[in-house]
Amino acid sequence: MGQAGLSEPDPGTRAADRALVADDAKLLVVFCSSEHDLPAVLRQINDRSGGVPLIGCSTAGEIAPSREPSVVVTAFGGDGFSIETCAATDAARDPRAAGAQAASCLARVEDRPHRVLMLLTDGLTGDQQEILRGVYGVLGAGVPLVGGCAGDDLKMTRTYQLHGDQVLTDSVVAAGIGSDAPLGIGVRHGWRKIGEPMLVTSSDGGCIRTLDGQPALDMYLERLGASAPKDPSEEEVSRAALVHPLGLIRRDGEEQVRYISGADVVERTLSCMTEIPQGGQVWIMEGDAASVIEATDAACADSLLPLAGNKPLGMLAFDCVSRRSVLDDDGIQVEIDRILQGAAGAPVAGLYTYGEIARTRGVGGFHNQTIVVLSVA
């Protein structure tokens, strides 16, 4: 892993220099602050690497030893890996087709005992669960998925995906990875249920209209009780939702967290970044700094279990930016230090995301306010 800060000249070159410690790289994964000149950064990395296959994205913060806005480059290499990449554009127009196109790269990967599809998507466009349904249509349930949604340092205007020498938006970029050694995925969120479940009595995609037959916003605020803002604006609802997401139980029994991305104070509805099924049950959830850090520790430990005692060669983390809302600056550094500790001295890289992707079984795989860790043996 190589990292270069915003203040360094030619940060792409410097980060690539630090990542390319051998001459057998098969894939570069780039996480980059949107404050950088992204086309220039890609030129620098590709000039240094000689055109090694590359995927990446802009972030809502990078996970690396230094916390300044930076370019982080991770290299996968050696005889034990086979890699193919793909980019699918126009994800908002047809997210399922974009997911299917992105997944197609895995079919070209040389057959090896362990496989994973890494996906980096535009966190501000398209239905992320529809993208994953497209992936499922190509790969079925047998191939693990890992990745996250690109960010833009919380500007919430435009995110960028990187593929080869291209800077894209409204896109999905993917790397199909085949490995002779195990690959482990850990998924934890650190939120706990509070109160009784609510029935989603009316919803349309990500818009929740009623809960228990009452306007969704009113029910949400009622359940928050004393912690709810009084006569809130949409911005105040969004701030409250950062630390009080919704919990959702899917049909396959998997508990997932859904971020409330907005509210309509006139229509009294709630909006989420992906589908909330009508007839499902949801809970308000809460967390604190301790539960967030515990989830980070657990995700790292879970990702190491498939490695069967072998030390990881590296670790990638995809961590929701809203989990940071319960941490102060010291807490954010604690979380990064705990990921580094979990890696046992192996290189660590990652990003803060607008949504996380992880599937080890079933049809689902899109998460909010969750940390996903990939360990590579």
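Below, all heavy atoms of this structure are taken into account, side chains as well, without hydrogens, waters or symmetry copies.
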| How far apart are the C-alpha atoms of Val71 and His36, what are their side-chain angles, what is the distance that settles it, and do they pass the side chain to side chain contact (heavy atoms under 4.5 Å, CB included) test? | CA-CA 8 Å; Val71 177; His36 284 283; 3.6 Å; yes
Any chance you could measure [X], atom [atom1], to [Y], atom [atom2], to the nearest 0.5 Å?
| X | Y | atom1 | atom2 | result |
| --- | --- | --- | --- | --- |
| Tyr220 | Leu270 | OH | CG | 7.5 Å |
| Asp170 | Tyr160 | CG | OH | 12.5 Å |
| Asp122 | Asp90 | CG | CG | 11.5 Å |
| Cys272 | Tyr259 | SG | OH | 10.0 Å |
| Cys300 | Asp297 | SG | CG | 7.0 Å |
| Arg14 | Ser70 | CZ | OG | 14.0 Å |

A side-chain contact here means heavy atoms from C-beta on lying under 4.5 Å apart; do [X] and [Y] qualify?
| X | Y | value |
| --- | --- | --- |
| Leu119 | Val172 | yes |
| Leu54 | Val30 | yes |
| Thr13 | Ile45 | no |
| Leu307 | Pro312 | yes |
| Met285 | Arg192 | no |
| Pro39 | Arg43 | yes |
| Val73 | Arg18 | no |
| Glu130 | Gln128 | no |

| Should Leu120 and Ile55 be marked as a side chain to side chain contact (heavy atoms under 4.5 Å, CB included) after you check the CA-CA gap, both sets of side-chain angles, and the distance that decides it? | CA-CA 8 Å; Leu120 302 173; Ile55 66 167; 4.1 Å; yes
Donor-acceptor check, side chain of [X] to backbone of [Y], threshold 3.5 angstrom: yes or no?
| X | Y | answer |
| --- | --- | --- |
| Thr210 | Ser202 | yes |
| Asp212 | Gln214 | no |
| Asp328 | Asp330 | yes |
| Thr201 | Gly213 | yes |
| Asn46 | Gly164 | yes |
| His163 | Leu168 | no |
| Arg188 | Asp302 | no |
| Ser203 | Gln278 | yes |
| Lys26 | Gly78 | yes |
| Glu286 | Trp191 | no |

Strictly by modelled atom types, are [X] and [Y] linked by a side-chain donor-acceptor pair under 3.5 Å?
| X | Y | answer |
| --- | --- | --- |
| Glu335 | Thr296 | yes |
| Asp337 | Gln333 | yes |
| Ser171 | Thr89 | no |
| Glu236 | Ser238 | no |
| Asp152 | Ser58 | no |
| Thr353 | Glu356 | yes |
| Glu62 | Thr59 | yes |

Is there a chain of hydrophobic side chains (I, L, V, M, F, W, Y, each step under 4.5 Å between heavy atoms) that links [X] to [Y]?
| X | Y | answer |
| --- | --- | --- |
| Val29 | Val21 | no |
| Ile371 | Leu154 | yes |
| Ile83 | Leu313 | no |
| Ile194 | Val282 | yes |
| Val109 | Val138 | yes |

Looking only at non-hydrogen atoms, find the nearest pair between [X] and [Y] and report the distance.
| X | Y | result |
| --- | --- | --- |
| Pro95 | Asp127 | CB-O, 3.8 Å |
| Pro232 | Leu221 | CG-CD1, 3.7 Å |
| Ala64 | Val72 | CB-CG2, 4.0 Å |
| Gly186 | Ser303 | N-CB, 3.6 Å |

| task | With sequence neighbours excluded, tell me which residues meet side chain to side chain donor-acceptor pair (under 3.5 Å) with Ser271. | result |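 Ser271: no side chain to side chain donor-acceptor pair (under 3.5 Å) contacts found.
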| By side chain to side chain donor-acceptor pair (under 3.5 Å) - contacts of Gln341 (at least two apart) |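 Once residues adjacent in sequence are excluded, Gln341 has no partner under the side chain to side chain donor-acceptor pair (under 3.5 Å) criterion.
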| said: Can you tell me which residue among Arg133, Gln129, Glu275 is in a side chain to side chain contact (heavy atoms under 4.5 Å, CB included) with Phe366? | reply: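 Answer after filtering Arg133, Gln129, Glu275: Gln129.
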| said: Ring of Phe81, cation from Arg112 - is the NZ or CZ under 6.0 Å from the centre and inside 45° of the axis? | reply: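 Cation-pi check for Arg112 and Phe81: fails.
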| Under-4.0 Å salt bridge between Asp319 and Arg323 |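 Yes, Asp319 and Arg323 are salt-bridged.
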| query | Is atom NZ of Lys311 surrounded by more than 12 heavy atoms (other residues, nucleotides or ligands) closer than 6.0 Å? | reply |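 Open.
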| field | Given Asp204, Asp218, Asp264, the one that forms salt bridge (Lys or Arg N to Asp or Glu O under 4.0 Å) with Arg209 | value |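 When Asp204, Asp218, Asp264 are each tested with Arg209, the salt bridge (Lys or Arg N to Asp or Glu O under 4.0 Å) holds only for Asp204.
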